[in-house]
Structures are given as structure tokens and as C-alpha cells.
Enquirer: 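Here it is: the structure, laid out below.
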Amino acid sequence: MSEYVMFFREQSSVTAVHPYEAELDELPHSTVALIEKIDGLVIHFETDKASLDEEIITQRRKEVDSRYASTMLDRILCLDSSSLGQARPAARRLLGTCRDTAVLLCSFLRHQGIPARVRFGFAHMLHQRANPLHSHAVVEYWNGEEWRLAESRMPYVRGSDIPFTADDLPRELFIPGYEAWRQVQSGEKSPQLFSSNKLDENPSAWLVRSFVLYDLASLAGYEPLMWDQWGRHYNFCRPHLPFNDNELHALFDRAVMTEFNIDAQCREMVDRFNKVTGISAGTEIHSFSPVLGRYSITVGSEAFARPA
């Protein structure tokens with residue numbers, strides 16, 4: 001295992017679990033088993049809402065913006081004080097998204113000393129290729145020999161039209177943000193396909209660019225919410241306007257050419273991202289939450305205590 005791969009064993013401020021280390025020590029040492037446990041802790045506030053009373057979603061909608069793993073764990077245990085290995089009824093599960101289950105899985109794996117990183121991109125709903133594409137997050141982890149994808153949402157494992165185990169998501173079922181951008185730029189796919197045809201061309205392309213940045217931010221050590229904006233993309237790029245930021249365009253084009261499974265290339269791409277529009281102590285992040293609306297946070301210095 002290289003030094004750079006070992007970097008991803010360290011918790012970020014987003015995936016840090018303090019003060020719940022002891023609770024995590026009781027969880028199984030199996031990626032599939034961890035995903036099954038997470039399935040009993042978190043419920044998607046949109047795709048699983050049929051299993052919930054509407055009043056629960058209304059009263060507890062703030063849970064969807066639980067940025068940090070420690071915040072999620074605190075809320076999970078407040079809703080039900082049972083061990084984390086105990087599945088909760090739907091009404092006592094945390095309201096979240098695929099990003100949140102991915103952050104928890106990444107956190108649990110890192111706690112067990114396994115290199116892991118959240119990856120942002122797109123997938124067909126329930127991994128059924130006849131379904132529309134939508135934004136999605138998964139986990140990439142080191143299995144001792146190579147980086148492998150894991151699907152942190154069991155409904156996607158059970159619903160896929162290509163059978164797979166949760167700890168070995170076929171790469172053809174997940175389109176990383178940079179690959180979505182390549183497909184848009186080449187004309188292989190229209191940008192609207194990545195917004196499930198819910199947005200016009202410019203907003204859809206803006207969405208794809210956002211997910212390139214989310215993926216790079218995660219690799220750089222900060223796992224954003226799926227509605228965060230910061231830096232150049234927030235200051236100079238608007239969803240309904242044509243994209244004309246040459247520096248960001250060059251960053252995205254470089255990402256398309258990067259082999260992220262090769263240490264040197266991944267590190268070089270992260271360095272470029274940090275120079276152009278990285279997240280660091282003092283960065284103001286603007287969130288456009290589907291439940292809380294617009295708000296801003298300032299990143300603290302603790303977010304970057306990980307080794308360079």
C-alpha cells in the first residue's frame with residue numbers, strides 16, 4: 001500500500017466520528033455487512049418517502065443537511081439509542097441522501113483502517129439502465145490490491161438489473177463527475193440527461209460541472225453536500241448562463257485526462273484543484289438545500305488536519 005493510498009485511511013473533518021469511536025468498534029469488519037447496517041440507520045428523504053409519515057419529513061427535514069458523520073451519528077442515536085448494528089424502524093432512521101450513506105460507509109471503513117473515499121457522479125435510478133440518470137455518490141475503497149467501488153444504498157443493490165454485491169459495484173454502473181463532463185463535451189450525451197431531463201441545457205451542464213468539483217473536493221479531503229457551491233464556480237458561474245471561465249474549463253479538461261487510480265496523477269489533479277478553487281480553512285461554502293433553502297458556512301481549520 002503506497003503512502004498516498006494510506007492518506008485515505010485518515011478521517012477528514014466530515015467523516016470524523018468522535019465521540020462515537022466505541023460505538024463503531026462494535027460494527028462488523030465486512031464492507032457488505034457495514035452497508036447492510038447503514039441501510040438500517042438511514043432512509044432517503046425523497047426516494048423512500050413512501051415508507052414515512054409526511055409529518056416526520058416535515059418535522060425532521062433538517063436532518064438532510066447533516067454535513068458531518070459525527071452529526072449523523074449523534075442524531076441516529078438520539079432517535080434510537082440501540083447499538084449501531086441494530087436496524088431501526090423506518091420512522092427512527094436518519095433522513096438523508098446517498099451522499100450521507102456514502103459518508104458513513106467511508107467513515108466506518110476509515111475507522112477500521114481501510115483507505116476509502118467518497119466519489120461523486122451519476123447513475124441510473126436503482127442502477128436500472130432504462131431509468132433516468134441522476135446525481136449519485138458511492139464509496140471507493142482499497143481492497144488490498146486495487147481501488148474498488150461500493151454501493152452504500154442497499155435498495156440500489158437489490159434493484160439493479162445487473163446483479164452485483166454491495167462491495168463490488170461494476171464501474172459501468174457509475175459515471176464519475178469528470179466522465180460525465182467528458183461525455184457532455186464530446187457530444188456523446190446531452191447535459192440534460194444528467195438532470196433526468198428536468199433542467200434546461202445550461203443548468204444541466206452547470207450540474208455536471210458541480211459534480212466534477214464535488215468529486216475533486218472529496219479526493220482533496222472535504223466531502224461536500226450535494227448542493228454546496230464555493231470559490232470560482234460560485235463567484236463566476238451561474239446555472240442559466242453559458243460557461244466562460246477558462247481556468248475552470250482547463251481544470252475540468254485536465255480531470256477528464258486523469259487516471260485517478262494512479263497515485264501520481266490523482267495527487268497532481270488534487271493539487272490543481274486546490275490551486276484553482278480548493279476548499280481550505282476560511283472558505284465560505286454556500287449551500288442551496290432542497291429543504292432548508294440557501295445558507296452559508298465557513299470551513300474551520302480542523303477540516304484540514306490530514307497529512308498533505
Side-chain angles (χ1 to χ4, degrees), residues 8 30-39 42-44 46-48 96-106 108-109 114-199 204 207-216 218-219 223-224 226 255-256 258-262 266:
F8 293 100
S30 156
T31 303
V32 171
L34 288 175
I35 294 166
E36 290 171 343
K37 298 303 181 186
I38 291 169
D39 188 50
V42 181
I43 189 165
H44 199 287
E46 284 188 327
T47 59
D48 297 331
T97 67
C98 58
R99 176 267 181 190
D100 301 325
T101 57
V103 164
L104 285 178
L105 178 59
C106 181
F108 293 176
L109 290 169
I114 298 171
R117 51 201 193 187
V118 178
R119 303 303 303 267
F120 289 86
F122 300 86
H124 292 280
M125 180 67 70
L126 296 176
H127 293 313
Q128 294 181 13
R129 288 162 292 176
N131 287 343
L133 285 165
H134 68 109
S135 54
H136 197 47
V138 300
V139 171
E140 194 171 44
Y141 71 100
W142 187 256
N143 73 347
E145 297 180 354
E146 62 181 0
W147 289 106
R148 181 172 290 181
L149 293 179
E151 173 55 69
S152 63
R153 294 206 65 221
M154 284 305 297
Y156 277 65
V157 179
R158 294 188 288 263
S160 177
D161 57 11
I162 297 179
F164 68 93
T165 57
D167 64 344
D168 194 9
L169 171 66
R171 290 194 176 268
E172 62 264 29
L173 293 181
F174 178 71
I175 305 174
Y178 66 88
E179 172 59 18
W181 177 249
R182 184 199 66 77
Q183 293 179 9
V184 167
Q185 289 295 95
S186 68
E188 186 177 329
K189 286 186 173 71
S190 73
Q192 292 95 318
L193 286 176
F194 293 100
S195 67
S196 302
N197 289 305
K198 294 178 180 178
L199 301 174
S204 295
L207 176 70
V208 173
R209 294 195 301 272
S210 294
F211 272 76
V212 178
L213 294 176
Y214 297 161
D215 197 43
L216 292 174
S218 181
L219 292 171
E223 299 83 2
M226 296 172 84
V256 165
T258 298
E259 292 287 344
F260 286 92
N261 290 342
I262 298 175
C266 185

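Here, residue 1 is the first one in the sequence, and each next residue gets the next number. Given the structure is predicted, the values throughout are model-derived calculations rather than measurements.
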Enquirer: Can you name the closest pair of heavy atoms from Val184 and Pro191 and give their distance?
Expert: CG2-CA, 3.9 Å
Enquirer: Could you tell me which non-hydrogen atom of Ala180 sits nearest to which non-hydrogen atom of Ile175, and how far apart they are?
Expert: N-CG2, 3.5 Å
Enquirer: Grab the two heavy atoms, one from Ala255 and one from Tyr178, that are nearest each other, plus how far apart they are.
Expert: O-CD1, 3.7 Å
Enquirer: Measure from the side-chain N and O atoms of Arg129 to the backbone N and O of Ile162, and report whether any donor-acceptor pair falls under 3.5 Å.
Expert: no
Enquirer: Taking atom OH of Tyr214 and atom CE of Met226, what is their separation to the nearest 0.5 Å?
Expert: 8.0 Å
Enquirer: I would like to know whether Arg148 and Asp167 meet salt bridge (charged side-chain N to carboxylate O under 4.0 Å, His left out); could you show each step before the answer?
Expert: CA-CA 8 Å; Arg148 181 172 290 181; Asp167 64 344; 5.2 Å; no
Enquirer: To the nearest 0.5 Å, tell me how far Leu133 CG sits from Asn197 CG.
Expert: 9.5 Å
Enquirer: I'd like to check Met125 versus Thr47 (side-chain heavy atoms, cut-off strictly below 4.5 Å). Are they in contact?
Expert: yes
Enquirer: Below 4.5 Å, heavy atoms only, C-beta onward: do Thr97 and His44 meet side chain to side chain?
Expert: yes
Enquirer: Tyr156: which residues meet the ring-ring contact (aromatic ring centres under 6.0 Å, His included) condition with it, sequence neighbours left out?
Expert: His127, His134, His136
Enquirer: Quick check: closest heavy atoms across Asp215 and Val118, and the distance to 0.1 Å?
Expert: OD1-O, 4.2 Å
Enquirer: Roughly how far, to the nearest 0.5 Å, is the CG atom of Leu169 from the CG atom of Leu149?
Expert: 5.0 Å
Enquirer: Can you name the residues that form a side-chain contact (heavy atoms from CB on, under 4.5 Å) with Asp39, not counting sequence neighbours?
Expert: Met154, Pro155, Arg158
Enquirer: Does any N or O in the side chain of Arg209 come within less than 3.5 Å of the main-chain N or O of Trp181, such that one atom is a donor and the other an acceptor?
Expert: no
Enquirer: Look only at the side chain of Ser204 and the backbone of Leu199, and say whether a donor-acceptor pair between them is shorter than 3.5 Å.
Expert: yes
Enquirer: With salt bridge (charged side-chain N to carboxylate O under 4.0 Å, His left out) as the criterion, how do Arg171 and Glu140 come out once you've worked through the C-alpha distance, each side chain's angles and the decisive distance to 0.1 Å?
Expert: CA-CA 10 Å; Arg171 290 194 176 268; Glu140 194 171 44; 2.8 Å; yes
Enquirer: List in chain and number order the residues that pass ring-ring contact (aromatic ring centres under 6.0 Å, His included) with Phe194, two or more places apart in sequence or in another chain; answer none if no residue qualifies.
Expert: Phe122
Enquirer: Please report the closest heavy-atom contact between Gly159 and Gln128, naming both atoms and the distance.
Expert: O-NE2, 2.7 Å
Enquirer: Within a strict 4.5 Å, meaning less than it, do heavy atoms of the Phe174 and Glu179 side chains meet?
Expert: no
Enquirer: Side chains of Ser30 and Glu36: closer than 4.5 Å at any heavy-atom pair?
Expert: no
Enquirer: So does Glu146 have more than 12 non-hydrogen atoms from other groups sitting under 6.0 Å from CD?
Expert: yes
Enquirer: In Å and rounded to the nearest 0.5 Å, what is the CG to OG distance from Leu213 to Ser218?
Expert: 12.5 Å
Enquirer: When rounded to the nearest 0.5 angstrom, what distance separates CD in Glu151 from SG in Cys98?
Expert: 8.0 Å
Enquirer: Contact between His124 and Asp161 at the side-chain level, heavy atoms closer than 4.5 Å - yes or no?
Expert: no
Enquirer: Using the rule ring-ring contact (aromatic ring centres under 6.0 Å, His included), only one of Tyr141, Phe260, Trp142 pairs with Trp147; which is it?
Expert: Trp142
Enquirer: From Leu105 CG over to Leu34 CG, what is the distance, rounded to the nearest 0.5 angstrom?
Expert: 6.5 Å
Enquirer: To check you understand the geometry: which heavy-atom pair defines the closest contact between Ser160 and Leu173, and what is its length?
Expert: OG-CD1, 3.9 Å
Enquirer: Answer whether the closest heavy-atom distance between the side chains of Arg153 and Val138 falls below 4.5 Å.
Expert: no
Enquirer: Report the C-alpha separation of Leu219 and Arg119 in whole Å, then their side-chain angles, then the decisive distance to 0.1 Å, and conclude whether the side-chain contact (heavy atoms from CB on, under 4.5 Å) test is met.
Expert: CA-CA 8 Å; Leu219 292 171; Arg119 303 303 303 267; 4.1 Å; yes
